[in-house]
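Just the heavy atoms: all of them, side chains too, but no hydrogens, waters or symmetry mates, feed the values below.
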Amino acid sequence: MNTMNEDTGLSGEAVELSLADRWIISQLQMVEDEVAKHFEVYRFDLIAQALYEFTWHDYCDWYLELSKPMLARAVTATCEGESEGSSSKSKSAKARGTRRTLVRVLEALLRLLHPIMPFITEEIWQQVAPLAGKQGGTIQLQAYPQADLTRIDAWAIEELKWIKTFIMGVRRIRAELDIPPGKPLSALLQNWRQEDQARYEQNKDLINALARLEDTIWIDEGHRAPESAIALVGEMKILIPLAGLIDKEAELARLEKELHKLRIALEKGEAKLKNANFTTRAPAEIVDKERARVGKLQASLQQLKEQAMRIRAL
């Protein structure tokens, strides 16, 4: 519905790729490269698994959802009569870039899947190919996709990883506290760095739309925050105030599960660092990375313990 009878980048007008567009294009190059390597050793099972993961988790679970706010903004701009001006042109270029990416990635994915799922991919390709600017009577005679590793955008991958962690943190709190998905929430952000704030500000429309946040407040570490459910994005804490939301016993049970997972991970990490074979034989950067990971686990464990203490005091 968002691409049929719409400009999917075939008009020759300006196209601007969003962060999400650059991310999914990068993911496509990596899965194309992985599939080629599996074909070389006849691991058709691994090909099927890699394409399944990309289709459902990257393209459907995330990219389709990430594309909706971009397309919705373009529709809003058109409805409001923003037919002139740089703002409207920029939104149109971004929407055009998103539509183009939607159909081009899907078209490439159908070609990747064709040897495994020949009939359904042929049927869908007949509908998608014209939108992606592909000519031909059948998918069977199309070139099989090959990765272009120069199109992998490491920055976009890292940025999207941060955004996904933020959104999943809020969604996890919603699920565990049984908060309706459509209910807008307020979030407090604590223990943040300038990098976190910059990332949020650059992508707040996207984050707020997918996490269903109505507002966010940046608070200092020393600020006394209300009792809140907590999610971590690196070292930054997302706090969702519990007033009117929490079932005390359910929240304590949730925290205990998280604490149990952290204790197990911490025990394994500490045991690894106590193993002389690991600390003396592994490269120094690997050992340092493990020490840093253990340090983060210890900090997270302490934070959740403090959270549980506050909940018990309610």
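Cluster membership check: Leu149 shares its hydrophobic cluster with Phe39, using side-chain heavy-atom separations under 4.5 Å among Ile, Leu, Val, Met, Phe, Trp and Tyr. Side-chain heavy atoms closer than 4.5 Å link hydrophobic residues (I, L, V, M, F, W, Y) into clusters, and following such links, even through other members, never connects Phe119 to Ile124. Follow the hydrophobic side-chain contacts under 4.5 Å out from Ile264 and you never reach Leu262; the two are in separate clusters. Transitive grouping of hydrophobic side chains (ILVMFWY, heavy atoms separated by less than 4.5 Å) brings Ile120 and Leu110 into a common cluster. If you chain together hydrophobic residues whose side chains sit under 4.5 Å apart, Leu109 and Leu141 never meet in one group.
With hydrogens and angles ignored, the 3.5 Å screen pairs a side-chain donor or acceptor of Ser18 with a backbone N or O of Asp21. The closest donor-acceptor contact from the side chain of Asp33 to the backbone of Met30 lies at 3.5 Å or more, if one exists at all. Looking at Arg171, its side chain does come within 3.5 Å of a backbone N or O of Leu210 through a donor-acceptor pair. No donor-acceptor pair closer than 3.5 Å links the side chain of Arg111 to the backbone N or O of Gln142. Proximity of a side-chain donor or acceptor of Arg199 to a complementary backbone N or O of Ile163 within less than 3.5 Å is not detected. Of the possible polar contacts, one joining the Arg174 side chain to the Lys183 backbone as a donor-acceptor pair under 3.5 Å is found. Proximity of a side-chain donor or acceptor of Gln29 to a complementary backbone N or O of Asp148 within less than 3.5 Å is detected.
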Quick one: do Thr8 and Arg96 satisfy side-chain contact (heavy atoms from CB on, under 4.5 Å)? Show the steps, please. CA-CA 6 Å; Thr8 56; Arg96 194 175 296 113; over 6 Å; no
Go through the steps for Glu256 and Arg263 under the test salt bridge (Lys or Arg N to Asp or Glu O under 4.0 Å), then give the verdict. CA-CA 10 Å; Glu256 187 52 44; Arg263 289 189 187 104; 3.3 Å; yes
Salt bridge (Lys or Arg N to Asp or Glu O under 4.0 Å) assessment of Lys37 paired with Glu34: CA-CA 5 Å; Lys37 290 175 180 176; Glu34 183 179 356; over 6 Å; no
So Leu19 and Trp155, side-chain contact (heavy atoms from CB on, under 4.5 Å) or not? Walk me through it. CA-CA 9 Å; Leu19 170 64; Trp155 176 83; 3.7 Å; yes
Apply side-chain contact (heavy atoms from CB on, under 4.5 Å) to Leu160 and Leu66, showing your working. CA-CA 10 Å; Leu160 231 297; Leu66 292 165; 3.7 Å; yes
Residue pair Leu28, Leu112: steps toward the side-chain contact (heavy atoms from CB on, under 4.5 Å) verdict: CA-CA 10 Å; Leu28 176 64; Leu112 284 166; 4.0 Å; yes
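Listed by chain and number, the residues in a ring-ring contact (aromatic ring centres under 6.0 Å, His included) with Trp218 are Trp192, Tyr200 (sequence neighbours excluded). Residues passing the ring-ring contact (aromatic ring centres under 6.0 Å, His included) test with Phe278, sequence neighbours excluded: none. In this structure, the salt bridge (charged side-chain N to carboxylate O under 4.0 Å, His left out) partners of Lys68, at least two apart in sequence or on a different chain, are Glu65. Trp62 meets the ring-ring contact (aromatic ring centres under 6.0 Å, His included) test with no other residue; sequence neighbours excluded.
Pro241 is listed as a side-chain neighbour of Leu188, based on a closest heavy-atom distance under 4.5 Å. Between Asp58 and Glu53, every side-chain heavy-atom pair lies at or beyond the 4.5 Å cut-off. The shortest side-chain heavy-atom distance between Glu158 and Trp23 does not fall under the 4.5 Å cut-off. Contact annotation: the side chain of Ile217 never approaches that of Leu189 to less than 4.5 Å [non-hydrogen atoms, C-beta and beyond]. Inter-residue side-chain proximity for Ile25 and Ile152 is flagged as unmet; no heavy-atom pair is nearer than 4.5 Å. In this structure, the side chains of Glu270 and Leu266 come closer than 4.5 Å at one or more pairs of heavy atoms. Considering only heavy atoms from C-beta on, Thr101 comes within 4.5 Å of Ile24 through its side chain.
For the residue pair Glu122 / Gln126, a side-chain donor-acceptor distance below 3.5 Å is found, with atom types taken as modelled. Side chains of Gln197 and Glu201: a donor-acceptor N/O pair is absent below 3.5 angstrom, by distance only. For the 3.5 Å distance criterion, the side chains of Asp196 and Trp162 qualify, holding a donor opposite an acceptor. When only modelled atom types and interatomic distance are considered, Ser26 and Asp153 share no side-chain donor-acceptor pair under 3.5 Å.
One distance of note links CG of Leu185 with CD1 of Ile240; it measures 5.5 Å at 0.5 Å rounding. Distance check, rounded to the nearest 0.5 Å: CD of Gln127 to CE of Met4 gives 6.5 Å. Going from atom CG of Leu51 over to atom CE of Met117 covers 10.0 Å, rounded to the nearest 0.5 Å. Taking CG of Asn2 as the start and CG of Leu71 as the end, the distance is 5.0 Å to the nearest 0.5 Å. The structure places CE of Met236 at 9.5 Å from OG1 of Thr165, a figure rounded to the nearest 0.5 Å. Atom OG1 of Thr55 and atom CG of Leu113 lie 5.0 Å apart (nearest 0.5 Å).
Counting heavy-atom neighbours within 6.0 Å of Gln146 CD, excluding the residue itself, gives a total of 12 or less. Within 6.0 Å of CE in Met168 there are more than 12 heavy atoms belonging to other residues, nucleotides or ligands. Other residues, nucleotides and ligands place more than 12 heavy atoms under 6.0 Å from the CD atom of Glu285. Other residues, nucleotides and ligands contribute only 12 or fewer heavy atoms inside 6.0 Å of the NZ atom of Lys296. In the displayed structure, Asp45 atom CG is contacted under 6.0 Å by more than 12 heavy atoms of other residues, nucleotides or ligands. Counting non-hydrogen atoms of neighbouring residues, nucleotides and ligands closer than 6.0 angstrom, the CD atom of Glu123 reaches no more than 12 such neighbours.
Between Ser67 and Leu64, the shortest heavy-atom distance links the atoms OG-O, 2.8 Å. Of all the heavy atoms in Tyr59 and Leu106, the pair that sits closest is OH-CB, 3.5 Å. Listed here is the closest heavy atom pair of Val15 and Gly97: CG1-CA, 3.4 Å. Heavy-atom minimum distance, Ala225 versus Ile219: CB-CD1, 4.0 Å. When all heavy atoms of Val170 and Ala211 are compared, the closest pair comes out as CG1-O, 3.6 Å. Contact record, Val128 with Val103: CG1-O, 3.8 Å, taken as the closest heavy-atom pair.
In summary, Glu267 and Lys272 do not engage in a salt bridge, as defined by a charged side-chain N under 4.0 Å from a carboxylate O. Using a 4.0 Å cut-off between charged nitrogen and carboxylate oxygen, Arg254 and Glu258 do not count as a salt-bridge pair.
Counting side-chain heavy-atom gaps under 4.5 Å among Ile, Leu, Val, Met, Phe, Trp and Tyr, Leu46 is found in no cluster with other residues. Under a 4.5 Å side-chain heavy-atom cut-off, the cluster of Ile, Leu, Val, Met, Phe, Trp and Tyr residues that includes Tyr52 is completed by Trp56.
Taking the six-membered ring for Trp, Phe54 and Tyr63 have ring centres at least 6.0 Å apart.
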